[in-house]
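Both backbone and side-chain heavy atoms feed into the values below; hydrogens, waters and symmetry mates do not. Keep in mind that this is a model prediction, so the values were computed, not measured. Residue numbers start from 1 in every chain, and the chains themselves are labelled A, B, ... in the order their sequence lines are given, proteins ahead of strands.
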2 protein chains.
Amino acid sequence: MADDRLSRVFSALADPTRRDIVARLATADATVNELAEPYDVTVQAVSKHIRVLEDAGLVSRSRDAQRRPCHLEGEVFDLMTKWIERYRREAEDRFRRLDAVLEKMEEQPVKGASAKRAAS
Amino acid sequence: MADDRLSRVFSALADPTRRDIVARLATADATVNELAEPYDVTVQAVSKHIRVLEDAGLVSRSRDAQRRPCHLEGEVFDLMTKWIERYRREAEDRFRRLDAVLEKMEEQPVKGASAKRAAS
DNA sequence: CGGTTGTTAAACCGATCGGTTGAATAAGTG
DNA sequence: CACTTATTCAACCGATCGGTTTAACAACCG
């Protein structure tokens with residue numbers, strides 16, 4: 001797994017358990033044990049999941065006696081959104097341009113070329 | 001890897017090569033060979049990457065003789081954005097609420113309790 | 001102090017991943 | 001037809017993943 005930020009974030013969120021943890025942390029901070037309770041895996045496994053989320057910058061932790069409360073870090077979402085929006089917009093623009101071309105082609109219906117391969 | 005849609009999408013984008021392919025497809029459709037050219041891996045490896053993107057619904061393909069042009073599908077981005085925005089908003093709201101609480105605490109500076117643990 | 005609770009570290013395991021090589025398939029071109 | 005081009009399939013390989021068990025560590029509680 002590439003160690004760049006975006007890769008870590010996407011990779012972290014590729015697991016449904018980790019996404020669920022994020023979802024629950026969105027409503028309230030929680031300790032490892034609290035987070036582990038609903039899943040039928042060991043608390044160690046959940047601890048690992050949280051580590052992954054932490055490494056991705058999605059979660060931060062404080063200390064409260066033996067407990068290590070987890071807190072969702074919202075900033076990282078910006079990174080994803082920025083990436084996504086960029087390419088979504090490009091794709092949509094391209095789609096619109098294609099639409100325009102098709103419309104134009106309908107107006108003056110296919111002069112010469114077969115439109116199979118426009119340019120090199 | 002869980003086979004649900006969101007998992008496949010995030011998982012697909014967790015790889016930098018695949019993200020780069022998406023980025024390039026945002027500007028123009030391209031064949032497997034064209035896509036493979038800049039990377040120093042075999043074309044088979046790139047073919048696999050494209051398969052992953054296709055399975056995630058990020059890429060669709062048509063046919064042009066032996067070629068299989070790849071086309072970026074923008075819709076899937078909505079799925080991600082929706083998921084992200086939802087939890088980002090919750091996290092931000094919570095942050096704002098916390099801010100409000102802290103402000104209030106500054107107004108009437110710590111009456112009785114130690115504010116260590118508010119409620120069960 | 002000893003015991004309990006919360007969390008992590010270490011070692012291991014089967015499955016999947018990203019990559020390879022080699023061969024097969026598909027479809028134009030001489 | 002044989003030949004080149006574009007793509008995929010199949011088998012394999014080392015690394016990583018998600019999970020386990022066992023043990024350690026940290027900090028409170030009596």
Between [N] atom [atom2] and [X] atom [atom1], what is the distance in whole Å?
X	N	atom1	atom2	answer
L53(A)	dT7(C)	CG	P	15 Å
I50(A)	dG18(D)	CD1	P	14 Å
D55(A)	dT16(D)	CG	C1'	14 Å
E34(B)	dT5(D)	CD	P	15 Å
Y39(A)	dT20(D)	OH	P	14 Å
R63(A)	dC25(D)	CZ	C1'	10 Å
D64(A)	dG6(C)	CG	C1'	11 Å
K48(B)	dT20(C)	NZ	C1'	8 Å

Quick check: do V59(A) and I21(A) have side-chain heavy atoms less than 4.5 Å from each other?
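The answer is no, as the side chains (C-beta and beyond) never meet within the 4.5 Å cut-off.
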
Student check: side-chain heavy atoms of L58(B) and L13(B) closer than 4.5 Å
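Contact flag for L58(B)/L13(B) side chains = yes.
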
Just N and O in the side chain of [X]: are any of them under 4.0 Å from OP1 or OP2 of [N]?
X	N	answer
N33(A)	dT5(C)	no
H49(B)	dC17(C)	no
R68(A)	dT8(C)	yes
T42(B)	dT20(C)	yes
S47(A)	dT7(C)	no
R67(A)	dT8(C)	no
R8(B)	dT16(C)	no

By nearest atom, which of the nucleotides [options] is closest to the [X] side chain?
X	options	result
V32(B)	dT8(D), dT20(D), dA27(C)	dT8(D)
Q44(A)	dT20(D), dG19(C), dG22(C)	dT20(D)
R61(B)	dT20(D), dT20(C), dT8(D)	dT8(D)
T31(A)	dT7(C), dG18(D), dG19(C)	dT7(C)

Here's a test of your reading of the structure: between Q66(A) and V43(A), which maps to the more 5' nucleotide of DNA chain D?
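So the residue in question is V43(A).
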
For V76(A), is there any backbone N or O sitting under 3.5 Å from a side-chain donor or acceptor partner on R5(A)?
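No; zero donor-acceptor contacts below 3.5 Å.
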
Starting from the C-alpha separation in whole Å, work towards a yes-or-no answer on salt bridge (charged side-chain N to carboxylate O under 4.0 Å, His left out) for D93(A) and R89(A).
CA-CA 6 Å; D93(A) 288 356; R89(A) 205 160 298 136; over 6 Å; no

Kindly work out whether a path of hydrophobic side-chain contacts (I/L/V/M/F/W/Y, heavy atoms less than 4.5 Å apart) joins L6(B) to L53(A).
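Hydrophobic grouping puts L6(B) with L53(A).
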
